Each structure stands twice: as structure tokens, then as C-alpha cells.
Amino acid sequence: ISDDVAVIRPLSAENISFSKDYAVAGLSVTCSADVLGGTGNYTCIFSIYCDGVLVMTSEQLETSEFTFTVNQAGSYTASIEVTDADSTVITAEGGLMQADEKAARGDANCDGRLTAADARHALRCSAGLDSQEEAVIYAADVNSDGRITAADARLILRAVAQLETL
């Protein structure tokens, strides 16, 4: 006779985080959480807050990830409501991301810092290898000719080396 008993871990959501620590308005960001325990499949609803004010809520999702577009500057946090197959519902809060209206000139990867990675990103954008979202175009088109080109990448790299002012 076996004494095997299935132990079900309580439903929980942990490690709520954003895919970026810093973003600018117009960029896509993913919020995710580790959902553990509970019974069967689960659904999630994400709520995104900016400076403590609710700015968006996801539909009911069958995944623990939600991608959204940053719509304003501020400090972003998130909450997640998870429901499992037995209708157990839990909520958890977390994550922190800062956002600005626009990236600084030259900050082509929109991470809040001017580094050689920005020149690389501008060069990849000029070759069509990386996305040219509106926020990236503003930051990477440092010569203001309306396009992201190798000339922009060169100017950014010169600015990183403190040989140029953007």
C-alpha cells in the first residue's frame, strides 16, 4: 500500500518585472511574473501603474507576460491577478521601471545612457536590422536629416568619446 499523496503548492506570483529598467514613451515593454503552484491552467490579468495611477489593464491572458506601449513619463509598477483552475485568486505587486517622454539625443537604444551600444544600435537601424520606432528615430537621428544612417552612428560614437556634443 502506497502513502503517495499529491501535494499542491499554494498558488503564488513572484518576480514581477519589466523587460527594461528604463524606457521612453512609444516603446514596447513586457511585464512578466513567475506563476507557481495552484491547480491546472491559470489566467492572469496585469494592471500597469504610472506614479501610482492605473494607466492600463490587460485582458484575461493565459500567459504570465503582458506587452504594452509606454504612454507617458513616470515611475511604472505592476500588479497581477492570477486565477487557477479551482478559481483560487491571488494578487501580487512588483516591478519598477522609469520612463521619460523622449530619449536623450544619441541614446539610440533608449536605456538612459550614452554608450557605444547606442552607436551600434543606430548602425543596425541604418542597415534595417533593428526596429526604428518613433522614440528610436528621435534619439538616433542626431544629424536631424530625417533618417538613421551610418553618419548618425559615427556622431554618436564621437559623442561617447567626448569628441562631439549632440
Side-chain angles (χ1 to χ4, degrees), residues 12-36 44-82 91-166:
S12 68
E14 302 171 359
N15 302 319
I16 299 169
S17 62
F18 293 101
S19 57
K20 302 173 189 234
D21 295 326
Y22 172 83
V24 294
L27 289 184
S28 296
V29 174
T30 299
C31 183
S32 62
D34 296 333
V35 177
L36 308 166
C44 300
I45 298 174
F46 285 86
S47 296
I48 307 297
Y49 299 85
C50 181
D51 295 329
V53 177
L54 179 66
V55 292
M56 68 189 71
T57 302
S58 73
E59 299 291 324
Q60 193 170 38
L61 305 170
E62 294 182 358
T63 179
S64 59
E65 291 187 348
F66 172 55
T67 300
F68 65 97
T69 301
V70 174
N71 58 9
Q72 65 191 51
S75 180
Y76 282 76
T77 57
S79 69
I80 183 172
E81 177 182 288
V82 182
T91 59
E93 298 177 357
L96 178 62
M97 175 186 67
Q98 297 298 318
D100 286 325
E101 286 298 320
K102 291 184 176 181
R105 298 297 275 176
D107 183 14
N109 63 7
C110 300
D111 69 354
R113 301 181 323 250
L114 186 62
T115 66
D118 296 302
R120 178 181 182 274
H121 188 68
L123 195 56
R124 289 180 58 82
C125 286
S126 74
L129 299 174
D130 281 345
S131 139
Q132 292 191 24
E133 297 173 89
E134 187 175 331
V136 172
I137 293 170
Y138 170 82
D141 181 20
V142 293
N143 65 5
S144 301
D145 67 356
R147 306 173 297 143
I148 301 174
T149 65
D152 295 303
R154 180 181 175 273
L155 288 171
I156 292 168
L157 199 52
R158 288 180 57 83
V160 169
Q162 298 180 345
L163 300 173
E164 191 84 35
T165 302
L166 301 179

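The shown structure was predicted, so the numbers you read here are calculated from the model rather than taken from an experiment.
L27 is not listed as a side-chain neighbour of Y22, based on a closest heavy-atom distance of 4.5 Å or more.
Here F68 pairs with F66 under the ring pair (Phe, Tyr, Trp, His ring centres under 6.0 Å) rule; sequence neighbours left out. Under the side-chain hydrogen bond (donor to acceptor under 3.5 Å, both in side chains) criterion, S144 pairs with R105, not counting sequence neighbours. Under the salt bridge (charged side-chain N to carboxylate O under 4.0 Å, His left out) criterion, E14 pairs with R9, sequence neighbours left out. Residues passing the side-chain hydrogen bond (donor to acceptor under 3.5 Å, both in side chains) test with N71, sequence neighbours excluded: Y76. Take E101 and apply the side-chain hydrogen bond (donor to acceptor under 3.5 Å, both in side chains) test, not counting sequence neighbours, and it matches no residue. Among residues two or more places apart in sequence or in another chain, the side-chain hydrogen bond (donor to acceptor under 3.5 Å, both in side chains) test is passed with T30 by T67. In this structure, the side-chain contact (heavy atoms from CB on, under 4.5 Å) partners of A33, at least two apart in sequence or on a different chain, are I16, I80.
Closest non-hydrogen pair, Y138 versus A103, comes out as CE2-O, 3.0 Å. Nearest heavy atom pair, residue L96 against residue Q98, reads CD1-NE2, 3.9 Å. For F18 against G95, the heavy-atom pair with the smallest separation is CE1-C, 3.8 Å.
Rounding to the nearest 0.5 Å places CE of M97 at 7.5 Å from OG of S19. One distance of note links OG1 of T77 with CD of E93; it measures 7.0 Å at 0.5 Å rounding.
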With a 3.5 Å cut-off and sequence neighbours excluded, list the donor-acceptor pairs that the side chains of residues 113-130 form with protein atoms.
{"unit_1": "R113", "atom_1": "NH2", "unit_2": "D111", "atom_2": "OD2", "d": "3.3"}
{"unit_1": "T115", "atom_1": "OG1", "unit_2": "A117", "atom_2": "N", "d": "3.3"}
{"unit_1": "D118", "atom_1": "OD1", "unit_2": "A108", "atom_2": "N", "d": "3.1"}
{"unit_1": "D118", "atom_1": "OD1", "unit_2": "N109", "atom_2": "N", "d": "3.1"}
{"unit_1": "D118", "atom_1": "OD2", "unit_2": "T115", "atom_2": "N", "d": "2.7"}
{"unit_1": "H121", "atom_1": "ND1", "unit_2": "D130", "atom_2": "OD2", "d": "3.1"}
{"unit_1": "R124", "atom_1": "NE", "unit_2": "D130", "atom_2": "OD1", "d": "3.3"}
{"unit_1": "R124", "atom_1": "NE", "unit_2": "D130", "atom_2": "OD2", "d": "3.0"}
{"unit_1": "R124", "atom_1": "NH2", "unit_2": "D130", "atom_2": "OD1", "d": "3.3"}
{"unit_1": "S126", "atom_1": "OG", "unit_2": "L123", "atom_2": "O", "d": "2.6"}

Got a list of side-chain donor-acceptor pairs under 3.5 Å for residues 44-60, not counting sequence neighbours?
{"unit_1": "D51", "atom_1": "OD1", "unit_2": "S75", "atom_2": "N", "d": "2.9"}
{"unit_1": "S58", "atom_1": "OG", "unit_2": "F46", "atom_2": "N", "d": "2.8"}
{"unit_1": "Q60", "atom_1": "NE2", "unit_2": "T43", "atom_2": "OG1", "d": "3.1"}

Going by atom type alone, with no hydrogens or angles, which donor-acceptor pairs under 3.5 Å involve a side-chain atom of residues 145-161 and a protein atom two or more places apart or on another chain?
{"unit_1": "D145", "atom_1": "OD1", "unit_2": "R147", "atom_2": "N", "d": "3.0"}
{"unit_1": "D145", "atom_1": "OD2", "unit_2": "R147", "atom_2": "NH2", "d": "3.4"}
{"unit_1": "T149", "atom_1": "OG1", "unit_2": "A151", "atom_2": "N", "d": "3.3"}
{"unit_1": "T149", "atom_1": "OG1", "unit_2": "D152", "atom_2": "OD2", "d": "3.4"}
{"unit_1": "D152", "atom_1": "OD1", "unit_2": "V142", "atom_2": "N", "d": "3.1"}
{"unit_1": "D152", "atom_1": "OD1", "unit_2": "N143", "atom_2": "N", "d": "3.0"}
{"unit_1": "D152", "atom_1": "OD2", "unit_2": "T149", "atom_2": "N", "d": "2.9"}
{"unit_1": "R158", "atom_1": "NE", "unit_2": "E164", "atom_2": "OE1", "d": "3.1"}

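Judged as a salt bridge (charged side-chain N to carboxylate O under 4.0 Å, His left out), not a single pair has a partner in residues 71-80 (not counting sequence neighbours).
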